[in-house]
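Numbers restart at 1 for each chain; the letters A, B, ... are given by sequence-line order, proteins then strands. Just so you know, these numbers use all the heavy atoms, side chains as well, and skip hydrogens, waters and symmetry mates.
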Amino acid sequence: MPPSMVSGDSQVVFFDLETTGLDTNVCDIIQISAISGDSVFDVYTFPCSPIPYNVTQITGLSLGNSGLLHHGNQVPTVLIGTGLASFISFLRSFQRPLLIAAHNGSRFDVPVLERALQVHGLMCYFQQMKPRFLDTLLLGKQLFPTGISSYSQENLVQHFLGTSYDAHNALADVKALQELYRKWDPDRENVSLCSF
DNA sequence: TGCCAGGCCCTCTTTAGGGCCTT
């Protein structure tokens, strides 16, 4: 495992959600992706609510007659409860303290994930792992307080890695975020300051 | 009818307002 995927004693796992909207109180999860080193997790989940047109424009995800479509191509889906349980199993596989990282995670991904875990009765299994979270948006601002025009993940990846990627596909997002973290190689103090 | 996320952060602020960041 690359050293950058470990912070102190913790395993750093990058995760991202695609959802049906921005309201963390009501949106449905439609994709869960995570990565740590070469270990990858990626599932699509069938939402209970429609996918608004503006979300389809952003994510490429839409509902067809027979299932979930990504840019018009059907993708396999699981029930959200099954997807969440699989995600917990993925996290457990690391068998060490977890530091789960997401961009703007403190404001979006983590509240959405925790609500979904609560609704599906899985929060207790998740909490058994005693995970901590890292917000890479806060980390970027902490590490580079000036000289950055935008702290969006897409802009940070362009700025620090000089590359573009398939933003708003959760799997592509977590891969890019991991590479960004490797580039930053933050020390434990800065990571701790942006963790919760 | 009209509105439609939300909370932190910054500043042309503090008796406020707008931009950012996530989908």
(message) Any non-hydrogen side-chain atom of A:L122 less than 4.5 Å from a side-chain atom of A:F126?
(response) no
(request) Compute whether any side-chain donor of one residue and acceptor of the other, for A:Q31 and A:D42, lie under 3.5 angstrom apart. (result) yes
(message) Could you check whether A:Q11 and A:S36, counting side-chain N and O atoms only, form a donor-acceptor pair closer than 3.5 Å?
(response) yes
(request) Scan A:S150 against the nucleic acid and name what it touches under 4.0 Å (heavy atoms): base, sugar-phosphate only, or nothing. (result) sugar-phosphate
(request) Look at all strands and tell whether A:D173 reaches a base, only sugar-phosphate, or nothing, counting heavy atoms closer than 4.0 Å. (result) sugar-phosphate
(request) Name the orientation class of the two ring planes belonging to A:F90 and A:F94 (parallel below 30°, tilted from 30 to 60°, perpendicular beyond 60°). (result) perpendicular
(message) Does any part of the side chain of A:L177, heavy atoms only, come nearer than 4.5 Å to the side chain of A:D16, both counted from C-beta?
(response) no
(request) Looking at every strand, decide which applies to A:L137 at a 4.0 Å heavy-atom threshold: base, sugar-phosphate, or nothing. (result) sugar-phosphate
(request) Could you measure between the two C1' atoms, the one in B:dT14 and the one in B:dC9, and give it in whole Å? (result) 14 Å
(message) Work out how far the P atom of B:dG2 is from that of B:dT15, and round it to whole angstrom.
(response) 33 Å
(request) Would you indicate what A:D23 reaches in the nucleic acid, counting non-hydrogen atoms under 4.0 angstrom: base, sugar-phosphate, or nothing? (result) sugar-phosphate
(message) What's A:H168 touching, base or sugar-phosphate or nothing? Going by heavy atoms closer than 4.0 Å.
(response) base
(request) Could you say whether A:N25 or A:F108 is positioned toward the 5' end of DNA chain B, judged by the nucleotide with the nearest heavy atom to each? (result) A:N25
(request) Could you verify whether a donor N or O on one side chain and an acceptor N or O on the other, from A:D28 and A:T20, lie under 3.5 Å apart? (result) no
(message) By the 4.0 Å heavy-atom rule, please label A:D109 as base, sugar-phosphate, or nothing.
(response) nothing
(request) Take atom P in B:dC4 and the same atom in B:dG17, then report the distance between them in whole Å. (result) 15 Å
(request) May I ask you to say what A:L17 touches in the nucleic acid, namely base, sugar-phosphate or nothing, with a heavy-atom cut-off under 4.0 Å? (result) sugar-phosphate
(request) Using the P atom on both, measure B:dG19 against B:dC12 and round to a whole Å. (result) 14 Å
(message) For A:Y151 and A:L138, find the nucleotide of DNA chain B closest to each by heavy atoms; which residue's nucleotide sits nearer the 5' end?
(response) A:L138
(message) What is the first contacted nucleotide of DNA chain B and what is the last, in 5' to 3' order, if contact means an atom lying under 4.0 angstrom from a heavy atom of chain A?
(response) B:dA5 to B:dT23
(message) Would you measure the distance from the P atom in B:dG18 across to the matching atom in B:dT13 and give it in whole Å?
(response) 13 Å
(message) Using the side chain to side chain donor-acceptor pair (under 3.5 Å) criterion, which residues pair with A:T56? Sequence neighbours excluded.
(response) none
